Amino acid sequence: MATAYRSGWHFIDLVTAIPHSGDSLMVTVFGEPVVVTRDEDEDVRAYRCLRKPRGAPQPVRCAIRYGMIFVNLDRRDHRLAEPEISDVRTISATPRSA
């Protein structure tokens, strides 16, 4: 019997599903609506849609690995990684299961 866990990285779709800036994709992950979008800088970002009135969308960790989009909904896993070199300006996330 398969068991689904809320924590960890979950596959959403292929990057080709949102090829251009401004494209978005709405999915439901464990009963929560999540919007995955490509911004003007061609970066892929994910947001949790709140059901509360006047609630702003909350960013969700999003990673691209081998042309696939993964999201992580567990807030306990949302830790900033410290770069080893102080010059590094980008931080990349890798899904544990990839």
Side-chain angles (χ1 to χ4, degrees):
M1 178 177 205
T3 304
Y5 294 99
R6 182 180 177 81
S7 65
W9 292 92
H10 304 285
F11 171 74
I12 299 299
D13 206 339
L14 298 175
V15 177
T16 56
I18 50 174
H20 307 290
S21 63
D23 289 349
S24 63
L25 179 66
M26 179 82 158
V27 295
T28 302
V29 182
F30 292 104
E32 287 194 40
V34 175
V35 175
V36 180
T37 184
R38 188 178 291 268
D39 63 11
E40 298 85 26
D41 298 330
E42 298 294 322
D43 292 332
V44 176
R45 304 199 185 274
Y47 299 93
R48 176 184 283 126
C49 299
L50 297 178
R51 296 184 181 144
K52 299 176 185 175
R54 294 178 280 151
Q58 293 178 344
V60 175
R61 287 185 65 188
C62 180
I64 298 174
R65 184 84 170 161
Y66 303 114
M68 298 179 284
I69 303 170
F70 293 88
V71 296
N72 188 335
L73 297 178
D74 193 1
R75 292 186 183 137
R76 295 174 297 176
D77 289 342
H78 293 205
R79 295 182 301 273
L80 290 177
E82 294 294 327
E84 295 177 10
I85 304 171
S86 60
D87 286 3
V88 179
R89 295 189 179 141
T90 59
I91 299 173
S92 62
T94 303
R96 288 185 218 146
S97 61

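Index from 1, following the sequence. Just so it is clear, the structure is predicted and the values come from calculations on it, not from any experiment.
Partners of V35 according to the side-chain contact (heavy atoms from CB on, under 4.5 Å) rule, which considers only residues two or more places apart in sequence or in another chain, are S24, M26, C49.
The hydrophobic cluster containing Y47, built from Ile/Leu/Val/Met/Phe/Trp/Tyr side-chain heavy atoms closer than 4.5 Å, comprises no other residue.
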Exercise for the section: For side-chain contact (heavy atoms from CB on, under 4.5 Å), just list the numbers for F30 and H10, CA-CA rounded to whole Å, side-chain angles, deciding distance to a tenth of an Å, and then say yes or no. Expected result: CA-CA 10 Å; F30 292 104; H10 304 285; 3.5 Å; yes
Practice task
Please step through side-chain contact (heavy atoms from CB on, under 4.5 Å) for the pair L73 and V34, ending with a clear verdict.
Solution key: CA-CA 9 Å; L73 297 178; V34 175; 3.9 Å; yes
For residues 36-43, which side-chain N or O atoms pair as donor and acceptor with protein atoms under 3.5 Å away, sequence neighbours left out?
unit_1, atom_1, unit_2, atom_2, d
T37, OG1, D23, O, 3.1
R38, NE, I18, O, 2.6
R38, NH1, E42, O, 3.0
R38, NH2, I18, O, 3.2
D39, OD1, D41, N, 3.2
D39, OD1, E42, N, 3.3
D39, OD1, D43, N, 2.8
D39, OD2, R45, NE, 3.0

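Across all non-hydrogen atoms, the minimal contact from I69 to L14 is CD1-O, 3.9 Å.
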